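Read the structure below first, then the notes.
Not measured: the values here are computed from a predicted model.
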Protein chains: 2
Amino acid sequence: MNIGEAASASGVSAKMIRYYEEIGLISPVQRNGSGAYRVYGAAEIHHLRFIRRARDLGFSVQEIGALLKLWQDRNRASADVKAIAQEKIAALEIKIAELEAMRKALQHLAAHCHGDLRPDCPILDDLAGTTRDFH
Amino acid sequence: MNIGEAASASGVSAKMIRYYEEIGLISPVQRNGSGAYRVYGAAEIHHLRFIRRARDLGFSVQEIGALLKLWQDRNRASADVKAIAQEKIAALEIKIAELEAMRKALQHLAAHCHGDLRPDCPILDDLAGTTRDFH
DNA sequence: GTAATCCTTCCCATGATGGTAAGGTCAAGG
DNA sequence: CCTTGACCTTACCATCATGGGAAGGATTAC
């Protein structure tokens, strides 16, 4: 299987497959007879799917490196994996809270903005720091 | 006021102040006698605070450019500002939903992982795509 | 006058991804 | 056997906002 086929089979773009190889997330695969083309088998596709799924779940490439190691360590403790997942959950919660705060603040401002042709605008007033309390 | 003082007065790092000038978000400020140092006054600090606040609310530098133009246009329609804010709110909501989905998926997996010394781990099973339905 | 602190510009790095360009390889069909 | 088109290769650049550092000039305090 060439890289293009591996890409569509795994959901990871050819570009990214080469990149993951370059940074050492996956080891270099075999090449074809002339050594020109990368050749992928079922095991490699499996790896790539793993990576793809982990990316979708929000893990960074570095974290995926750790997960891959654990995946291949038959004696791993499930606690090690769970710890990584829980750190990620905590990070997600922080990020979500930040975005929620932004959303709330913006919605509050937008709710008080006429949104018509008049120039008066509480949103800009807030950004400019000239807000009079409009509660 | 030199750039360092402007930085602490506005909450925007000196590095970023120069960057914003470089990309044209703010216009070049006056220089001191020898022309070596940038000099900031109250108006510039006000601008920088505006930028800082808008960044905190999640606006990109490009969007802030638009907001700054509107801010300085006395005849702007508040609808124009509100539209930008609402687009940003919508984008935030999409991002939040994505992160929430990740968090949910991870929490579901983590809840089913023993988290002990045994190697059996539903999290890795899921990533590997070998999950047997454990509902 | 000297030392310390600040400022300047320029270059590099981040993280994960996409784009492009120049060129090599392979498979199918004539 | 040769051409053509599809695919692959590497190498470089761009993104977005930010920080780091180096080399050197300006200013300020003593």
Before accepting this row, confirm whether a basic side-chain N of the pair Arg118(B)/Asp120(B) lies closer than 4.0 Å to the acidic partner's carboxylate O.
no
Under 4.0 Å between a side-chain N or O of Arg18(B) and OP1 or OP2 of dT8(C)?
yes
On DNA chain D, nearest-nucleotide positions of Glu5(A) versus Gly33(B): which is more 5'?
Glu5(A)
If you count heavy atoms of other groups shown closer than 6.0 angstrom to CD of Glu87(B), is the number above 12?
no
Could you tell me if the side chain of Tyr40(A) sits less than 4.5 Å from the side chain of Glu5(A), heavy atoms only?
no
Taking the side chain as every heavy atom from C-beta outward, state whether Leu70(A) and Ile84(A) have any pair of such atoms under 4.5 Å apart.
yes
Which comes earlier along DNA chain C counting from the 5' end, the contact point of Arg31(B) or that of Gly35(A), where each point is its nearest nucleotide?
Arg31(B)
Would you mind reporting whether Glu44(A) and Gln30(A) have side-chain heavy atoms less than 4.5 Å apart?
no
On the 0 to 90° scale, with breaks at 30° and 60°, tag the Trp71(A)-Phe50(A) ring pair as parallel, tilted or perpendicular.
parallel
Encode nucleotides 11-22 of chain C as B, S and - characters from 5' to 3', where the letter depends on protein heavy atoms closer than 4.0 Å: B to the base, S only to sugar-phosphate, - to neither.
-----BBSBB--
Chain A contact limits on DNA chain D, taken 5' to 3' with a cut-off of 4.0 angstrom to heavy atoms
dC7(D) to dA11(D)
Give a yes or no on this: more than 12 heavy atoms of other residues, nucleotides or ligands lie within 6.0 Å of atom CD of Gln62(B).
no
Whether Asn32(A) contacts dC26(C) is assessed here as follows: a side-chain N or O lying under 4.0 Å from the phosphate OP1 or OP2. Is that the case?
yes
Among Lys15(B), Arg18(B), Glu21(B), find the one that has a side chain to side chain contact (heavy atoms under 4.5 Å, CB included) with Ile3(B).
Arg18(B)
